[in-house]
A.B. asks: 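Okay, handing you the structure first.
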Amino acid sequence: MSCFSGDPNFCAECGTILPLPGLQDTVTCPRCHFSVSVREFAGRVITSSVVFNSLKSSTVTMETEEESSELKGPVIDKRCSRCNKEGMVYHTRQMRSADEGQTVFYTCIHCRYQEKEDS
């Protein structure tokens, strides 16, 4: 018996998500092999859900006089070195050999200034 108590969906010893109860009398943690009696799960309903971010929250739309264009990607709290405002969109590319780091491209959502950073 573990000295910790918490959500029965997780191992009380290491915190790993426990598998669903099967035909055995115990549920065994796949990581540390801690066992819990199946009786602990009697009458419990296990549910899960996945929440996706809306498309509007992951893209920023900029209107210009000549055309409207869309900046796509996650917006982060990085200050633009040109206009000094917060908010840049980024994407990454593998520009060099595979054993070296990727290159991160930042675009300001206000002035569209582009910066790159080798990581």
Side-chain angles (χ1 to χ4, degrees):
M1 187 73 185
S2 174
C3 59
F4 298 108
S5 64
D7 191 323
N9 296 324
F10 297 90
C11 176
E13 290 295 315
C14 69
T16 301
I17 296 176
L18 292 174
L20 293 174
L23 299 176
Q24 297 83 10
D25 293 336
T26 60
V27 175
T28 304
C29 174
R31 183 169 179 244
C32 70
H33 304 290
F34 178 75
S35 293
V36 179
S37 173
V38 173
R39 291 184 198 98
E40 302 246 348
F41 297 93
R44 293 194 179 261
V45 177
I46 300 173
T47 60
S48 64
S49 62
V50 177
V51 178
F52 293 99
N53 294 334
S54 68
L55 185 58
K56 289 182 181 180
S57 69
S58 64
T59 59
V60 175
T61 305
M62 281 192 62
E63 299 271 336
T64 61
E65 293 177 5
E66 299 163 339
E67 64 182 45
S68 71
S69 62
E70 222 175 62
L71 294 173
K72 294 185 179 178
V75 179
I76 61 169
D77 295 330
K78 181 174 171 72
R79 189 172 298 279
C80 176
S81 61
R82 187 163 106 195
C83 70
N84 209 27
K85 293 183 181 176
E86 289 280 332
M88 297 189 90
V89 174
Y90 76 93
H91 68 277
T92 60
R93 293 270 161 86
Q94 186 69 38
M95 302 297 287
R96 296 166 289 168
S97 62
D99 63 339
E100 296 189 31
Q102 61 190 356
T103 303
V104 183
F105 295 92
Y106 297 99
T107 305
C108 177
I109 61 174
H110 304 285
C111 69
R112 299 185 65 94
Y113 179 69
Q114 293 184 342
E115 301 175 5
K116 79 172 190 170
E117 178 180 291
D118 294 323
S119 58

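One is the number of the first residue; the rest follow in order along the sequence.
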A.B. asks: Rounded at 0.5 Å granularity, tell me how far CD in E86 sits from NZ in K78.
C.D. replies: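 Going from CD on E86 over to NZ on K78, the span is 10.0 Å.
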A.B. asks: Can you check side chain to side chain contact (heavy atoms under 4.5 Å, CB included) on C83 and Y113, steps first, answer last?
C.D. replies: CA-CA 8 Å; C83 70; Y113 179 69; over 6 Å; no
A.B. asks: Under a single-linkage rule joining Ile, Leu, Val, Met, Phe, Trp and Tyr whose side-chain heavy atoms are separated by less than 4.5 Å, which residues share a cluster with M88?
C.D. replies: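 Via sub-4.5 Å side-chain contacts, M88 links to I76, Y90, V104, Y106.
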A.B. asks: Please report, to 0.1 Å, the donor-acceptor pairs under 3.5 Å made by any side chain of residues 22-30, with sequence neighbours excluded.
C.D. replies:
residue: T28; atom: OG1; partner: S35; partner atom: OG; Å: 3.4

A.B. asks: Would you indicate whether the side-chain heavy atoms of D118 and E100 approach each other to under 4.5 Å?
C.D. replies: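 E100 does not reach D118 side chain to side chain.
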A.B. asks: Please collect all ring-ring contact (aromatic ring centres under 6.0 Å, His included) contacts where either partner lies in residues 9-28, sequence neighbours excluded, each pair once.
C.D. replies: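 Output for this query is empty, none listed.
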A.B. asks: Rounded to the nearest 0.5 Å, what separation is found between the SG atom of C80 and the CD atom of E115?
C.D. replies: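 It comes to 6.0 Å.
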A.B. asks: So with a 6.0 Å cut-off around CZ of R31, is the heavy-atom count from everything else above 12?
C.D. replies: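 At most 12 heavy atoms, drawn from other residues, nucleotides or ligands, come within 6.0 Å of this atom.
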A.B. asks: Return the minimal non-hydrogen interatomic distance between K72 and V89, and the atom names on each side.
C.D. replies: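 Smallest interatomic distance, heavy atoms only, reads O-CG1, 3.2 Å.
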A.B. asks: What do you reckon, is CG of D77 surrounded by more than 12 foreign heavy atoms closer than 6.0 Å?
C.D. replies: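 Incorrect, the count does not exceed 12.
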A.B. asks: Do R79 and N84 come within less than 4.5 Å of each other through their side chains, counting heavy atoms only?
C.D. replies: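 Yes. Closest side-chain heavy atoms under 4.5 Å.
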A.B. asks: Kindly give the heavy-atom pair with the smallest separation between C32 and E13, and that separation in Å.
C.D. replies: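 Heavy-atom minimum between the residues: SG-CB, 3.9 Å.
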A.B. asks: Atom CD1 in I109, atom NZ in K85: separation rounded to 0.5 Å?
C.D. replies: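 It comes to 9.5 Å.
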A.B. asks: Measure the spacing between CZ of R82 and SG of C111 and express it to the nearest 0.5 Å.
C.D. replies: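 Nearest 0.5 Å value for the CZ-SG distance: 4.5 Å.
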